[in-house]
Number of protein chains: 2
Amino acid sequence: MHSKKDVTIYDIAEKLNLSPTTVSRGLKDHPAISKKTKKRINDIAAELGYRFNTFASNLRSKRTNTIGVIIPRMNSSFMSAVLAGMEKVANEASYNLIISQSLESAEKEAVNVKTMFNNRVDGLMVSVAYDTVGVSQFEMLLEKGIPLLFFDRTLDHPQCTSIIIDNYKSGYLATQHLIAQGCKNIIHITGNLARNVYADRQRGYEYALKDAGIQADPNNTFINVLDEQAGIDCAQKILKMNPLPDGVFVDNDTCAVNCMAILMNNGIRIPEDIAFIGFNNDPISRVIRPTLSTINYPGFEMGEIAAHKLITHLNGQQSINSTNSIILRSELIARDSSKRIK
Amino acid sequence: MHSKKDVTIYDIAEKLNLSPTTVSRGLKDHPAISKKTKKRINDIAAELGYRFNTFASNLRSKRTNTIGVIIPRMNSSFMSAVLAGMEKVANEASYNLIISQSLESAEKEAVNVKTMFNNRVDGLMVSVAYDTVGVSQFEMLLEKGIPLLFFDRTLDHPQCTSIIIDNYKSGYLATQHLIAQGCKNIIHITGNLARNVYADRQRGYEYALKDAGIQADPNNTFINVLDEQAGIDCAQKILKMNPLPDGVFVDNDTCAVNCMAILMNNGIRIPEDIAFIGFNNDPISRVIRPTLSTINYPGFEMGEIAAHKLITHLNGQQSINSTNSIILRSELIARDSSKRIK
DNA sequence: CACAATTATACAACCGGTTGCATAATTATT
DNA sequence: AATAATTATGCAACCGGTTGTATAATTGTG
């Protein structure tokens with residue numbers, strides 16, 4: 001197995017008649033080491049097949065240059081955009097990212113937090129699981145002064161910044177748009193209302209209805225996990241309604257397109273019979289026919305801003321505690337699935 | 001910042017008048033420590049807010065219980081299925097996963113390999129980037145006896161097992177299916193032919209044509225990165241062809257649906273004018289209309305098998321070198337986008 | 001050439017668990 | 001009660017970079 005013994009800076013030092021200190025500094029491009037010596041060190045290191053020992057380094061220096069990220073799942077194009085944005089900023093600042101998934105389970109999320117904690121991440125960015133309750137599982141981080149930042153699905157905590165979009169406004173705009181297209185009986189398909197994103201959109205939905213003089217019907221709010229199967233289930237449920245709704249606002253494009261597909265299979269015309277609007281502006285919304293109206297959610301920017309915020313905090317340039325939340329711009333994109341008026 | 005000093009096993013030992021050794025063993029549930037002592041240790045540990053120091057542990061024990069994974073991107077549902085499968089198996093065997101993306105760049109991939117290497121992963125699973133050439137960037141791992149396994153996009157190496165599907169057969173079946181539907185002028189949209197997956201599918205495509213007595217036209221093979229934009233570009237290219245092709249086999253569902261969407265916008269009927277078949281069986285293939293014929297690619301199983309194979313090797317139960325490649329079952333799923341015969 | 005200023009290298013303690021082996025404490029055996 | 005067997009705990013070295021401070025080597029100044 002791991003047969004050959006590892007080469008250490010001591011081996012290099014011995015070979016060159018230098019001290020380990022000098023070798024360590026030479027490899028790190030420390031200004032106090034002469035160019036010649038650095039070259040000698042690097043040459044021998046390459047020759048011997050030296051590899052840097054992150055553990056020894058981290059143990060002594062008590063820094064890891066690692067940022068943890070915990071997300072519910074990495075299956076959406078929104079999430080991969082967020083991660084791409086984070087990775088770009090982190091790399092530029094020479095931080096590494098450790099990514100783990102909670103798979104929407106609060107329990108697994110807590111385990112992940114603990115692992116990150118033990119792995120001494122310098123900071124943590126989290127979008128919480130579907131059923132996470134309270135912030136107690138994060139307290140251990142804050143007690144040790146490890147900065148914690150939430151994005152998208154956030155929790156309220158005085159020491160944490162949140163990066164979000166204006167979900168209330170987005171929900172309002174989406175609903176208002178459907179109303180403007182002549183819809184009067186609008187369904188909102190959303191998630192666990194304990195999550196800020198869904199609660200805020202639901203509020204937006206309710207206020208838009210109210211402002212249009214429409215009475216919000218609690219039965220018109222469907223709560224589920226917003227995946228493909230949920231979309232299919234919702235379609236079945238809608239088909240049994242009498243009268244049928246004339247508009248559907250879904251908090252997730254994937255769920256929306258699956259729902260639409262079943263309804264269309266059953267002869268329902270979109271947008272003529274039922275107008276649809278989704279959320280996220282996933283690529284699928286542009287490919288499906290009719291093209292899906294949606295709310296644009298700037299994932300890449302969200303990732304960039306989250307990582308940037310955390311790193312400036314870590315570098316002591318700007319405390320994370322000074323900001324409560326950062327709200328990104330989101331906008332409505334009207335496409336064919338909702339356009340009933342020419 | 002990181003204000004409070006960390007609690008160590010020495011602090012616990014002092015508080016209980018025990019040796020650090022006993023505390024270390026107690027926390028690890030070592031059989032030589034009595035139940036009573038273990039309880040005392042764990043209680044005080046919790047009380048003091050002790051956290052395990054992974055670095056000190058790894059440094060001394062020279063094991064990390066960590067497996068690295070490098071993938072091109074985590075934006076496809078195929079990839080997230082693979083990762084989910086890997087994570088399930090790894091967790092059950094109490095291994096951690098470190099995941100990083102090459103973003104399809106061989107250069108970034110090499111950096112990632114090095115980082116994994118320095119982080120002393122116990123093993124590495126890789127699906128190579130679009131433009132990776134040669135295996136030299138992996139040699140350092142193999143020299144140290146760190147097992148390396150490829151999945152999906154593989155490289156040929158005598159010491160590495162590959163987990164794949166039969167891409168040749170899949171390409172053959174897809175093409176044969178189109179031929180059976182009456183297609184005679186079939187386009188194959190594929191990726192870099194240096195990658196096994198694309199080369200094998202192209203071979204399958206060519207042989208299926210040959211076996212049907214059709215001469216393969218090199219101009220009918222489009223090579224690109226198979227993303228959304230590529231799908232759009234291919235559609236533009238197809239629209240300029242004269243005569244139009246009557247069948248298109250795309251190595252990726254995402255690319256396929258984007259291509260189809262543009263063609264349909266331009267009045268082309270699918271499957272009547274052009275029959276389509278994709279690859280991967282992504283969720284989008286079921287939602288799009290017409291539903292997309294495709295090749296089912298068992299991502300979750302691939303992840304499970306890859307992780308399982310690597311872990312049994314790490315546990316010394318079965319060497320990875322004894323197997324060359326493991327081929328998973330894949331099958332054709334015929335849907336509306338290709339069905340021209342009742 | 002003497003002395004200061006600057007540059008380059010070394011010393012030694014440290015980070016916090018881990019582990020083989022020795023020793024102490026407890027229980028079982030005759 | 002004495003001795004063997006078993007169980008529980010401790011000793012001390014070790015893993016491999018890091019860092020404040022001291023010392024040595026080189027260069028500059030008058």
Side-chain angles (χ1 to χ4, degrees), chain A residues 2 4-42 44-45 48-66 94 96 114-115 117-120 122 144, chain B residues 2 4-42 44-45 48-66 114-115 117-120 122 144:
Chain A
H2 293 233
K4 291 189 198 163
K5 201 162 172 311
D6 269 351
V7 177
T8 72
I9 54 169
Y10 297 92
D11 301 324
I12 298 174
E14 197 177 5
K15 202 120 184 171
L16 292 172
N17 268 316
L18 288 171
S19 73
T21 308
T22 305
V23 175
S24 173
R25 293 194 171 125
L27 291 168
K28 277 268 158 59
D29 204 23
H30 191 285
I33 307 297
S34 71
K35 284 235 167 105
K36 273 174 242 159
T37 310
K38 275 180 192 162
K39 176 150 177 33
R40 290 204 304 148
I41 291 171
N42 281 306
I44 291 287
L48 297 183
Y50 167 77
R51 69 166 159 167
F52 183 74
N53 190 318
T54 317
F55 303 124
S57 171
N58 289 345
L59 174 59
R60 175 59 223 245
S61 63
K62 299 195 159 205
R63 309 195 70 239
T64 64
N65 275 304
T66 299
S94 59
N96 281 100
K114 191 139 202 173
T115 305
F117 186 61
N118 287 341
N119 280 316
R120 300 291 199 279
D122 293 337
K144 295 271 190 235
Chain B
H2 292 237
K4 292 189 197 164
K5 200 162 170 311
D6 268 350
V7 177
T8 71
I9 55 169
Y10 297 92
D11 301 323
I12 298 174
E14 198 177 6
K15 204 121 185 170
L16 292 173
N17 269 314
L18 288 171
S19 72
T21 308
T22 305
V23 175
S24 172
R25 292 190 174 131
L27 291 168
K28 277 270 157 63
D29 204 23
H30 191 284
I33 308 296
S34 70
K35 284 232 166 108
K36 273 174 241 160
T37 310
K38 275 178 191 163
K39 175 148 177 39
R40 290 204 305 151
I41 292 171
N42 280 305
I44 292 287
L48 298 181
Y50 166 78
R51 68 167 160 166
F52 183 74
N53 189 318
T54 317
F55 304 123
S57 172
N58 289 345
L59 174 59
R60 176 59 223 246
S61 63
K62 300 196 158 203
R63 308 196 69 239
T64 64
N65 275 303
T66 299
K114 191 138 201 174
T115 305
F117 185 62
N118 287 340
N119 280 314
R120 301 292 198 278
D122 292 337
K144 296 271 190 233

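Numbers restart at 1 for each chain; the letters A, B, ... are given by sequence-line order, proteins then strands.
Side-chain proximity of A:S24 to the nucleotides C:dT9, D:dT18, C:dG17 is greatest for D:dT18. Counting only heavy atoms from C-beta on, A:S61 has its side chain closest to D:dT18 among C:dA8, D:dT18, C:dG16. Distance from the side chain of A:S19 is smallest for C:dA10 among the nucleotides C:dT19, D:dG10, C:dA10. The listed nucleotides are C:dT9, D:dT18, C:dT18; the one nearest the side chain of B:F52 is C:dT18. Listed nucleotides: D:dT9, D:dG16, C:dG17. Nearest to the side chain of A:N53: D:dG16.
Separating the CD1 atom of B:I33 from the C1' atom of C:dT18 is a distance of 13 Å, rounded to the nearest angstrom. Across the protein-nucleic acid pair, B:I12 atom CD1 and D:dT9 atom P stand 15 Å apart, rounded to whole Å. For A:R63 and C:dC15, the CZ to P distance is 18 Å, given to the nearest whole Å. Remark: P of D:dG16 and NZ of A:K28 are 16 Å apart, rounded to the nearest angstrom. Atoms CZ (A:R60) and P (C:dA12) sit 16 Å apart, rounded to a whole Å. Spacing between atom CD1 of A:I41 and atom P of D:dG17 amounts to 13 Å, rounded to whole angstrom units. One can place CG of A:L16 at 15 Å from C1' of C:dA10, the figure rounded to the nearest angstrom. Regarding A:K35, its NZ atom lies at a distance of 13 Å from the P atom of C:dT9, rounded to whole Å.
Sparse packing is recorded around NZ of B:K114, with 12 or fewer heavy atoms of other residues, nucleotides or ligands lying under 6.0 Å away. In B:K15, the NZ atom is not crowded: 12 or fewer heavy atoms of neighbouring residues, nucleotides or ligands sit closer than 6.0 Å.
In terms of phosphate contacts, A:S57 brings no side-chain nitrogen or oxygen within less than 4.0 Å of OP1 or OP2 of D:dG16. For the pair B:K62 and D:dG16, the criterion of a side-chain N or O lying under 4.0 Å from OP1 or OP2 is met.
Counted by atom type alone, B:T64 and B:N58 present zero donor-acceptor pairs between their side chains at under 3.5 Å.
Counting non-hydrogen atoms under 4.0 angstrom, B:L18 reaches the backbone sugars and phosphates but no base. Contact annotation for B:N17: backbone-only contact, meaning every heavy-atom pair under 4.0 Å involves sugar-phosphate atoms and none involves a base. The residue B:T54 sits apart from the nucleic acid: no heavy atom pair falls under 4.0 Å. Across all strands, B:D11 comes closer than 4.0 Å to no nucleic acid atom at all (heavy-atom distances).
The side-chain heavy atoms of B:L27 and B:F52, taken from C-beta on, include no pair separated by under 4.5 Å. Under the 4.5 Å side-chain criterion, counting only non-hydrogen atoms from C-beta, A:N53 is in contact with B:R120.
Each of A:T22 and A:Y10 has a nearest nucleotide on DNA chain C; the 5'-most of these lies closest to A:T22.
Checked by distance alone, A:T21 brings a side-chain donor or acceptor within 3.5 Å of a matching partner on the base of C:dC11. Side-chain atoms of A:R25 and base atoms of D:dG20 include a donor and an acceptor less than 3.5 Å apart.
Proximity of a side-chain donor or acceptor of B:R51 to a complementary backbone N or O of A:F117 within less than 3.5 Å is detected.
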